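Contents: one structure, followed by commentary.
This structure is a prediction, so every number in the text was calculated from the model and none was measured.
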Amino acid sequence: MLAPVVALILWSMVMWAWLYATRLPAMVRLKLTYDPTRPKAEFIDRLPASVQWKADNHNHLMEQPTLFYAVAITLAIVAPADGLNAALAWGYVGLRVTHSLVQATINHIPARFGLFMAGSLLLILLAIRAAIVIF
């Protein structure tokens with residue numbers, strides 16, 4: 001159960017590197033400097049959308065996946081070794097990686113939504129399975 005947790009953390013770091021590998025060259029090319037006294041949106045609006053997509057996805061990886069980390073670690077502690085839990089966890093990680101690739105490259109909203117919903121359903125199943133063991 002811990003391997004999918006570590007895999008998603010490593011993927012989040014890949015997205016972190018990708019966002020800076022695209023953002024910094026764009027900032028240099030456009031001669032942008034971030035002014036912390038101005039609204040963040042003013043800076044972001046000057047970046048090309050395809051550059052911002054990577055940062056948006058990195059932010060998304062700091063949101064719902066935190067629930068995944070909590071439930072996966074809970075299951076690793078309290079549940080017997082179960083192939084279904086691991087399969088659900090790896091499925092969640094696979095869907096989040098695919099979601100990242102879609103958002104960071106083509107940003108097709110219907111595809112992203114479908115991937116997000118499928119991952120959310122797996123996360124719900126993991127949470128229910130953890131609840132059954134704990135309660």
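- For residues 50-59, there are no salt bridge (Lys or Arg N to Asp or Glu O under 4.0 Å) pairs, not counting sequence neighbours.
- Pairing each heavy atom of Trp53 with each of Gln103, the nearest pair is CB-O, 3.2 Å.
- One hydrophobic cluster holds both Met62 and Leu123 under the rule that ILVMFWY side chains link at heavy-atom gaps under 4.5 Å.
- Note on residues 19-30: pairs passing side-chain hydrogen bond (donor to acceptor under 3.5 Å, both in side chains), not counting sequence neighbours, are Arg23-Gln52.
- When the salt bridge (charged side-chain N to carboxylate O under 4.0 Å, His left out) test is applied to Asp82, the partners found at least two apart in sequence or on another chain are Arg129.
- The minimum heavy-atom distance linking Ala130 with Val71 is given by the pair CB-CG2, 3.7 Å.
- Linking ILVMFWY side-chain heavy atoms closer than 4.5 Å, directly or via other members, places Leu61 and Leu67 in a single hydrophobic cluster.
- Grouping the Ile, Leu, Val, Met, Phe, Trp and Tyr side chains by contacts below 4.5 angstrom, directly or via other members, places Tyr34 with Leu19.
- Leu101 is not connected to Val51 by any chain of hydrophobic side-chain contacts under 4.5 Å among Ile, Leu, Val, Met, Phe, Trp and Tyr, and they are in different clusters.
- Under the ring-ring contact (aromatic ring centres under 6.0 Å, His included) criterion, Phe68 pairs with Tyr92, sequence neighbours left out.
- For Leu32, the side chain to side chain contact (heavy atoms under 4.5 Å, CB included) test picks out Met27, Leu30, Phe43, Arg46, Leu47, with sequence neighbours left out.
- Residue pairs meeting the side-chain hydrogen bond (donor to acceptor under 3.5 Å, both in side chains) criterion with at least one member in residues 116-125, sequence neighbours excluded, are Gln64-Ser120.
- Transitive grouping of hydrophobic side chains (ILVMFWY, heavy atoms separated by less than 4.5 Å) keeps Ile124 and Leu122 in distinct clusters.
- Every residue two or more places apart in sequence or in another chain that forms a side chain to side chain contact (heavy atoms under 4.5 Å, CB included) with Val78 is listed here: Thr74, Val133, Ile134.
- Scanning all heavy atoms of the two residues, the minimum distance from Leu126 to Asn85 falls at CD2-O, 3.6 Å.
- Listed by first and then second residue, the salt bridge (Lys or Arg N to Asp or Glu O under 4.0 Å) pairs that reach into residues 1-14 come to none, sequence neighbours excluded.
- Applying the side chain to side chain contact (heavy atoms under 4.5 Å, CB included) test to Ala118 and every residue at least two apart in sequence or in another chain returns Leu95.
- Listed by first and then second residue, the ring-ring contact (aromatic ring centres under 6.0 Å, His included) pairs that reach into residues 106-135 come to none, sequence neighbours excluded.
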Distance-only donor-acceptor hits, side chain of residues 1-18, under 3.5 Å, sequence neighbours excluded:
{"from": "Trp11", "atom 1": "NE1", "to": "Ser100", "atom 2": "OG", "distance (Å)": "2.9"}
{"from": "Ser12", "atom 1": "OG", "to": "Leu8", "atom 2": "O", "distance (Å)": "3.0"}

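- For Ile109, the side chain to side chain contact (heavy atoms under 4.5 Å, CB included) partners two or more places apart in sequence, or in a different chain, are Asn107, Arg112.
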